[in-house]
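If you read the sequence from its start, that first residue is 1, and numbering goes on from there. FYI, side chains are in, hydrogens and waters are out, and symmetry mates aren't considered; it's all heavy atoms of this structure.
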Amino acid sequence: AVMAFKGVDILMGKNSSRGIAFGSGVANTDVPLGATDINIKGNVGIGTTSPSTLLHGDYSVDGSGVSNVFSLERTDPNTPLANFGVGLSFLLDRDDIAATATESARISAIMTDIPNAATALTFSTKASGGSLTEYMRIDSAGNVGIGTTGPVVKLEVNSGATQDTARLIGSSAPALSLWTTNANAAARNWYIASNYMAWGDFNIRQSDAKGGDPASVGTSRLYINASGNVGIGTTTPSEKLDVNGNATVSGNLTFYGGARTIASRLNTTLTLGDSQTGNIVLAPGGTTALTGIGANLTAAGNLTVNGSTVT
């Protein structure tokens, strides 16, 4: 391997107590590494004789896998305290404001569980006029926390007082896919997208089979068009709520506003009740006027049929 420095000499083995020293080549003028600050003008190459940046490391080796090119180490001779770690600091210097650079960001590796040597990787930045603050963390379980230091799932985002917690942006149809790797035959994947079939719409789709792609081979389960009409079982809702299929209401169904109509479309039969229906009661104004019990009708007052009054 080759180590190259521009503008300085490297003295090795000149003094057994010093190891590697930097100096001008003049006797007794060398400075042991670590004894004082060392200023090197120009690019520094480690493993290369043509460094392209201030510090350029080149570790050329055959094979697969990842090789460490640079290592940061911190040693505590005693039992370390919580959040013991080492970091990489980023300093920015604005000569028009301050004469020295200030720490603007940091990436740190810390121990979160000293006895078990569990670690976390933290990312910190500085807000305008603020101090350095951690905003993202990857814990020892691989959970990623944004706005939280204790994520309990693979991705946990805490926006605090900000309402906009997460935002998906795309030029056409931004979407969120939910896929499962479970082998159960009933397992399905889901797809949530906007602007999917038309501009301004919203679509929730389910894959037609286990392992299928719900975006391309799936069925829309809930659809909202650009006018705000909601379709369940249909992607062409013509009313505020358009259900293609049976619907069950476990509570009351109440109509507000002016006159309302319960109707059957396409001149088909409208049936009230089935084999599991109890009494059918018509109670305008809260007073029972007509009760249907089986095949019999009981009127509390007069009943008019085709213009004729039945008492």
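Between the side chain of Asn229 and the backbone N or O of Asn225, no donor-acceptor pair lies under 3.5 Å. Tyr191 places no side-chain N or O within 3.5 Å of a backbone atom of Ser216 that could act as its donor or acceptor partner. Asn158 places a side-chain N or O within donor-acceptor distance of the main-chain N or O of Gly160, the cut-off being under 3.5 Å. When atom types are taken as modelled, the side chain of Ser207 and the backbone of Asn189 share a donor-acceptor pair closer than 3.5 angstrom. No donor-acceptor pair closer than 3.5 Å links the side chain of Ser52 to the backbone N or O of Ser50. For the pair Arg221 (side chain) and Gln206 (backbone), a donor-acceptor distance under 3.5 Å is absent. Within the 3.5 Å criterion, the main-chain N or O of Pro51 finds a donor-acceptor partner in the side chain of Asn43. The main-chain N or O of Ala186 is found under 3.5 Å from a side-chain atom of Asn184 such that the two form a donor-acceptor pair.
A distance of 11.0 Å separates CD1 in Ile224 from OG in Ser194, rounded to the nearest 0.5 Å. Distance check, rounded to the nearest 0.5 Å: OG of Ser140 to CD1 of Ile110 gives 10.5 Å. Note that the CG atom of Leu282 and the OG1 atom of Thr291 stand 8.0 Å from one another [nearest 0.5 Å]. Taking CG of Leu132 as the start and OG of Ser108 as the end, the distance is 8.0 Å to the nearest 0.5 Å. Going from atom OG1 of Thr298 over to atom CG of Leu290 covers 8.0 Å, rounded to the nearest 0.5 Å. Between atom CD1 of residue Ile138 and atom CD1 of residue Ile146 there is a gap of 9.5 Å, rounded to the nearest 0.5 Å.
Residues Thr248 and Asn246 have side chains that never bring a donor and an acceptor to within less than 3.5 angstrom of each other. With 3.5 Å as the limit, one finds no donor-acceptor pair spanning the side chains of Asn302 and Thr309.
Shown here for Asp242 and Thr234, the closest heavy-atom pair between the two residues is O-CG2, 3.6 Å. Taking each heavy atom of Leu168 and Pro174 in turn, the nearest pair found is O-CB, 3.8 Å. Closest approach of Ala187 to Thr180, counting heavy atoms only: CB-CG2, 3.8 Å. Nearest approach of Thr235 to Pro237, heavy atoms of both residues: C-CD, 3.3 Å. Closest approach of Arg265 to Thr268, counting heavy atoms only: O-OG1, 2.8 Å. When every heavy atom of Asp93 is checked against every heavy atom of Ala101, the shortest pair comes out as CB-CB, 3.7 Å.
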Can you give the donor-acceptor pairs under 3.5 Å from side chains of residues 113-127 to other protein atoms, not counting sequence neighbours?
residue, atom, partner, partner atom, Å
Asp113, OD2, Asn116, ND2, 2.8
Lys126, NZ, Glu103, O, 3.0

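Every side chain to side chain donor-acceptor pair (under 3.5 Å) that Asp201 has, sequence neighbours left out, goes to Tyr223. Residues passing the side chain to side chain contact (heavy atoms under 4.5 Å, CB included) test with Leu253, sequence neighbours excluded: Phe255. Applying the side chain to side chain donor-acceptor pair (under 3.5 Å) test to Thr165 and every residue at least two apart in sequence or in another chain returns Ser159. Legend: residues meeting side chain to side chain contact (heavy atoms under 4.5 Å, CB included) with Arg74, ordered by chain and number and at least two apart, are Phe84, Val86.
Cluster annotation: Val281 and Ile262 are assigned to distinct hydrophobic clusters (Ile/Leu/Val/Met/Phe/Trp/Tyr, side-chain heavy-atom contacts under 4.5 Å, transitive). Taken together through direct or relayed side-chain contacts under 4.5 Å among Ile, Leu, Val, Met, Phe, Trp and Tyr, Phe90 and Leu54 form parts of separate hydrophobic clusters. Trp199 and Tyr196 end up in different hydrophobic clusters when Ile, Leu, Val, Met, Phe, Trp and Tyr side chains are linked at under 4.5 Å. No continuous path of hydrophobic side-chain contacts links Leu92 to Leu88 [ILVMFWY only; heavy atoms under 4.5 Å]. No continuous path of ILVMFWY side-chain contacts below 4.5 Å connects Trp190 to Val217, so the two sit in separate hydrophobic clusters.
Around atom CG of Asp164, more than 12 heavy atoms belonging to other residues, nucleotides or ligands sit under 6.0 Å away. With a 6.0 Å radius and a threshold of 12 heavy atoms from other residues, nucleotides or ligands, Leu155 has its CG atom above the threshold. Around CG of Asp274, the count of heavy atoms belonging to other residues, nucleotides or ligands within 6.0 Å exceeds 12.
The salt bridge (Lys or Arg N to Asp or Glu O under 4.0 Å) contacts involving residues 136-148 comprise Glu134-Arg137, where partners must be two or more places apart or lie in separate chains.
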Task: Audit row: Asp208, Thr219, side-chain hydrogen bond (donor to acceptor under 3.5 Å, both in side chains) steps and yes/no - done: CA-CA 7 Å; Asp208 292 338; Thr219 301; 2.7 Å; yes
